[in-house]
Amino acid sequence: MEMTYFKQLKNLLDEDDKLAALCNTAAFLFETIDDINWVGFYFIKGDELVLGPFQGRVACTRLKLNKGVCAFAVNARQLIVVNNVHEFEGHIACDDRTNAELVVPLKIDNKIIGVLDVDSLSLPRFKKEDEDRFEIVARLISERLRY
Ligand code: SME
């Protein structure tokens, strides 16, 4: 399944318009990944993370880079899984039904430009196989964002 899955994602990303590519990517991830209630992008603008294309409920538009799981992933420069967001100090609850969160940074030439954020109602939700999948997804998206 995986080859076809990533090929499908590549096809969606292979769209000249970056915004259109990211909108369909968010929809594709939301449709194909079990048990998630939100998936989307935040991009660094100044000292904030600003909301990008997403699927799910209305979300926080701007996040500071010193608070929350998304900011933590940016500062840690790596994928972060939080099994229980209620135990994560500083977690920002855009949707208070969310229980678990995975955030993976998007990098161009080793510079972090934003994150892909995934939320779930399950407690916990994200396993090693999800981490592996989202590392690849983030790499494919990051490659697309170069141009
Ligand atoms: N929970 C995130 C904020 C973004 S929403 O989950 C969509 C955080 O703590 O950074």
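Read the numbers this way: they start at 1 and go in the same order the structure lists the ligands and their atoms.
In this structure, the protein non-hydrogen atom closest to atom 4 (C) of ligand 1 is D117 OD2, 3.3 Å. Nearest non-hydrogen protein atom to atom 2 (C) of ligand 1 is E101 OE2, 3.1 Å. In this structure, atom 3 (C) of ligand 1 lies nearest to the protein heavy atom I92 O, 3.6 Å.
Residues F126 and L79 have side chains not in contact (no heavy-atom distance under 4.5 Å, counting atoms from C-beta outward). Side-chain contact check for R57 versus N37: every heavy-atom pair is 4.5 Å or farther apart.
Using a 4.0 Å cut-off between heavy atoms, W38 contacts ligand 1 through its side chain alone, with no backbone atom that close. Proximity of F54 to ligand 1, defined as any heavy-atom pair under 4.0 Å, is not found for any part of the residue. With a 4.0 Å cut-off on non-hydrogen atoms, V103 does not touch ligand 1 at all. Both the backbone and the side chain of C70 come within contact range of ligand 1, each with a heavy atom under 4.0 Å. Looking at V69 against ligand 1, both its backbone and its side chain come within 4.0 Å, counting heavy atoms. Heavy atoms of K67 found under 4.0 angstrom from ligand 1: none, in either backbone or side chain.
Taking the six-membered ring where tryptophan is involved, the planes of F72 and F88 are perpendicular, since the angle between them exceeds 60° and thus also 30°.
A salt bridge does not link R97 with D119: every distance from a Lys NZ or Arg NE/NH1/NH2 to an Asp or Glu carboxylate oxygen is 4.0 Å or more. At a threshold of 4.0 Å, the pair R139-E143 counts as salt-bridged, since one of the basic side-chain nitrogens sits closer than that to a carboxylate oxygen.
Taken together through direct or relayed side-chain contacts under 4.5 Å among Ile, Leu, Val, Met, Phe, Trp and Tyr, F30 and F28 form part of one hydrophobic cluster. Linking Ile, Leu, Val, Met, Phe, Trp and Tyr whenever their side-chain heavy atoms come within less than 4.5 Å puts V81 and I136 in one cluster. Residues I108 and V137 share a single hydrophobic cluster, defined by chaining ILVMFWY side chains whose heavy atoms lie under 4.5 Å apart.
Tested against F41, the residues L51, V115, I141, D117 include a single side chain to side chain contact (heavy atoms under 4.5 Å, CB included) partner, I141.
Residue contacts with ligand 1 include Y42, since one or more of its heavy atoms lies under 4.0 Å from the ligand.
Heavy-atom contacts of C94 reach the following atoms of ligand 1: 3 (C), 4 (C), 5 (S), 7 (C) (cutoff under 4.0 Å). Set against the non-hydrogen atoms of G68, the atoms of ligand 1 under 4.0 Å away are 9 (O), 10 (O). If you number the atoms of ligand 1 from 1 as listed, the ones under 4.0 Å from a heavy atom of D119 come out as 5 (S), 6 (O), 7 (C).
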